[in-house]
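One structure below.
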Amino acid sequence: MRIGYPCINNSIGCTANHTFRLASYSRKKLLDTVKENLDCLKKTLGWNLEHGIMFFRIGSSLVPFASHPVCKVRWQERFSDEFRELGAFVRKHRMRISMHPDQFIVINSKDKGIVKRSVKELEYHSQVLDAMHLDITAKVQLHVGGVYGDKESAVSRFVSEYKKLPAHVKRRLVIENDERCYCLKDCLGISRKTGVAVLFDSFHHECYNKGESFRQAVGSAAKTWKRKDGRPTVDYSSQKKGRKKGSHTVTINTKHFLGFIRETKGIDPDVMLEIKDKEKSALKAVEALRKKGKKIR
DNA sequence: AGTTGTCAAGCTAGT
DNA sequence: ACTAGCTTGACAACT
């Protein structure tokens, strides 16, 4: 079992998420920014290793505007050495990497343009992991998308768009239950139609579910993962007190977390903590699990 | 140097 | 009609 956090480490004084305004795009600006981001990513993974955190989500702006028509730079080739080195580090230490395209990526949209741009963005995400020469256990996780007042049609659009995706995208793509539109049951239905693996999000499940316990839910999602997909991964968070339903907690609630982990016994997924204070909660989680005698790689 | 409005992109529920 | 929330964070123009 690995513990991870998404996109940014606030303890090390750099981020791998530098971007810039589209209006100030230039070839040089892109190259400088990517170099800076890759340097920081290396530093972040080094810090993670030192602290026993073996799972990390790379932010989508690692290569800003990579899927935008403005970007003509062959960044995979330009930075092939850097990507390869990062990937070698990940493989050497048996770390896990994931990515999560943001909310604008909607492959079941009714708007063909949105679908097309979304596919481009999915290709970019896969290309980053490909450039690192990571096997297909490095996943790209995506929400199903919009409902548009007719879930049945929206699902069938998802299924048909999914089937058309390039193979290099499909082999990394997993779908995640969300807190409003597509619950775990919906995702499992899509999985049956497509073979796509389902990444279980515990907090979204708490917001929107069909009465399944954590244990049942984690178990049924895990069954959609094939051997080649690696250990199932789950997202974990909890509600921020006093805020709107769906707000992520600022720091980990250790008791709630350990309760969740207890429900995953025997499945032992890799756990991504979607919590605002990022690496701080990841450290708390690792420590809490070690105290319980859990083996954390 | 520090603050604040704005940023490529979408959708839904709540006010 | 408008905003919060989602991986909210980071840039860039302003005090």
Side-chain angles (χ1 to χ4, degrees), chain A residues 4-10 13-26 29-30 32-34 36-37 40-41 44 55-71 97-125 128 139-151 153-155 157-158 161 176-183 186 199 201 203-208 233 235-240 242-250 272-279 281-282:
Chain A
Y5 62 96
C7 307
I8 185 166
N9 181 313
N10 290 310
C14 73
T15 103
N17 308 311
H18 288 282
T19 182
F20 48 86
R21 297 297 157 84
L22 180 57
S24 56
Y25 183 93
S26 72
K29 189 134 191 154
L30 183 88
D32 291 349
T33 304
V34 174
E36 192 179 3
N37 285 345
C40 183
L41 179 55
T44 305
F55 190 15
F56 186 67
R57 179 185 299 166
I58 295 176
S60 294
S61 70
L62 187 72
V63 183
F65 304 105
S67 73
H68 192 281
V70 77
C71 179
I97 295 292
S98 69
M99 294 186 82
H100 190 341
D102 59 10
Q103 60 268 39
F104 309 109
I105 311 317
V106 184
I107 69 169
N108 75 348
S109 176
K110 289 174 158 176
D111 180 328
K112 290 268 194 302
I114 292 172
V115 176
K116 200 174 165 193
R117 288 191 290 277
S118 296
V119 173
K120 283 261 174 247
E121 185 72 359
L122 290 178
E123 290 192 74
Y124 151 63
H125 283 79
V128 167
K139 295 299 184 190
V140 173
Q141 65 189 78
L142 183 69
H143 293 296
V144 177
V147 174
Y148 311 91
D150 178 359
K151 193 181 271 187
S153 314
V155 165
R157 278 200 305 280
F158 181 93
E161 288 303 326
E176 175 189 350
N177 58 303
D178 66 68
E179 76 281 32
R180 286 194 302 277
C181 303
Y182 294 93
C183 63
D186 296 326
L199 187 153
D201 186 307
F203 181 40
H204 292 161
H205 185 72
E206 283 184 291
C207 296
Y208 180 26
T233 75
D235 283 356
Y236 168 82
S237 187
S238 62
Q239 176 67 38
K240 181 172 175 179
R243 292 299 293 271
K244 195 167 160 178
K245 184 171 155 183
S247 290
H248 290 263
T249 186
V250 175
M272 176 61 63
L273 306 177
E274 291 192 326
I275 297 177
K276 303 277 190 222
D277 70 354
K278 309 287 179 179
E279 79 285 355
S281 283

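Throughout, a chain's letter reflects where its sequence line sits, starting with A, and its residues are numbered from 1. Quick caveat, the model's predicted, so the values are computed rather than measured.
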A/Arg21 CZ to C/dA10 P, in whole Å, measures 13 Å

Exercise. Between B/dT4 and C/dC6, how far apart are the P atoms? Round to whole Å, please.
Key: 23 Å

Donor-acceptor pair, A/Asn17 side chain versus A/Ser60 backbone, under 3.5 Å? no

Item checked: Contact check, side chains of A/Glu179 and A/Phe203, non-hydrogen atoms, under 4.5 Å -> no

It should be established whether A/Ser24 places a side-chain nitrogen or oxygen under 4.0 Å from OP1 or OP2 of nucleotide C/dA12.
yes

Rounded to the nearest 0.5 Å, the SG atom of A/Cys7 sits from the NE2 atom of A/His100 at a distance of 9.0 Å

query = Is a side-chain N or O of A/Ser237 found less than 3.5 angstrom from the main chain of A/Glu274, in a donor-acceptor match?
reply = yes

To the nearest angstrom, the OH-P distance between A/Tyr124 and B/dA8 comes to 16 Å

Minimum side-chain heavy-atom gap A/Val144-A/Cys181 below 4.5 Å:
no

> Closer than 4.0 Å, any side-chain N/O of A/Thr15 to the OP1 or OP2 of C/dG9?
Replying inline: no

Strictly below 4.0 Å: does A/Lys276 bring a side-chain N or O up to OP1 or OP2 of C/dC6? yes

Sorted by number, residues from residues 59-69 of chain A placing a heavy atom under 4.0 Å from DNA chain B are A/Phe65, A/Ser67, A/His68

Distance below 4.0 Å between A/Lys151 side-chain N/O and B/dC11 OP1 or OP2: no

Checklist line | C1' gap between B/dC7 and C/dA1, integer Å | finding: 22 Å

Re B/dG2: Watson-Crick or G-U wobble partner, both distances kept under 3.5 Å, found to be C/dC14

Among the nucleotides B/dC11, C/dT8, B/dA9, whichever has the atom closest to the side chain of A/Ile105 is B/dA9

Side-chain contact check for A/Thr19: nearest option of C/dT8, C/dC11, B/dG10 is C/dC11

Between CZ of A/Phe104 and P of B/dG10 the distance, given in whole Å, is 7 Å

B/dA9 -> Watson-Crick or G-U wobble partner, both distances under 3.5 Å, gives none

Among the nucleotides C/dA10, B/dT12, C/dT7, whichever has the atom closest to the side chain of A/Cys181 is B/dT12

Rounded to whole Å, the CG-C1' distance (A/Asp111 to B/dA8) equals 14 Å

Would the distance check show the side chain of A/Thr33 and the main-chain N or O of A/Lys29 forming a donor-acceptor pair, the cut-off being under 3.5 Å?
yes

*Remember a base hit wins even if backbone is also touched, and classify A/Glu274 as base, sugar-phosphate or nothing at under 4.0 Å, heavy atoms.*
sugar-phosphate

From CG of A/Leu199 across to C1' of C/dT7 the rounded distance in Å is 13 Å

Please classify the nucleic acid contact of A/Val147 as base, sugar-phosphate, or nothing, using heavy-atom distances under 4.0 Å. sugar-phosphate

From the candidates B/dC11, C/dC11, C/dT7, the one with an atom nearest any side-chain atom of A/Gln103 is C/dT7

How about A/Asn177 and A/Tyr208: do any of their side-chain heavy atoms sit closer than 4.5 Å?
-> no

Practice prompt. Might you work through the side chain to side chain contact (heavy atoms under 4.5 Å, CB included) test for A/Leu30 and A/Tyr25, ending with a clear yes or no?
Written response: CA-CA 7 Å; A/Leu30 183 88; A/Tyr25 183 93; 3.9 Å; yes

Side-chain contact check for A/Cys7: nearest option of C/dT7, B/dC11, C/dC11 is C/dT7

Flag, side chain of A/Asn108 to backbone of A/Arg157, donor-acceptor distance under 3.5 Å:
no

- Task: Write down the distance separating the P atoms in B/dA8 and C/dA12, rounded off to the nearest Å.
- Result: 10 Å

Of the listed B/dT12, C/dC11, C/dT7, the closest approach to the A/His18 side chain comes from C/dC11

A/Leu122 atom CG is separated from B/dA9 atom P, nearest whole Å, by 18 Å

>> What contact category does A/Lys110 fall into here, base, sugar-phosphate, or nothing, at under 4.0 angstrom with non-hydrogen atoms?
In response: nothing

Ranking B/dA9, C/dC6, B/dC11 by distance to the side chain of A/Glu121, first place goes to B/dA9

**Asked** Distance check: side-chain N/O of A/His143 vs OP1/OP2 of C/dT7, anything under 4.0 Å?
**Response** yes

Practice item. In whole angstrom, give me the gap between the P atoms of B/dG5 and C/dT7. Key: 26 Å

Rounded to whole Å, CG of A/Asp277 lies from P of C/dT7 at a distance of 16 Å

Practice prompt. Give a yes or no on whether a salt bridge exists between A/Asp150 and A/Lys110, defined as a side-chain N under 4.0 angstrom from a carboxylate O.
Written response: no

### Task
Determine the Euclidean distance between corresponding P atoms of C/dT8 and B/dT6; express it in Å to zero decimal places.
22 Å

Here the distance between atom P of B/dA13 and atom OH of A/Tyr208, to the nearest Å, is 9 Å

(Q) If the cut-off is 4.0 Å, is A/Asn17 near the phosphate of C/dG9, judged by side-chain N/O to OP1 or OP2? (A) no

Does A/His204 put a side-chain nitrogen or oxygen below 4.0 Å from OP1 or OP2 of C/dT7?
yes

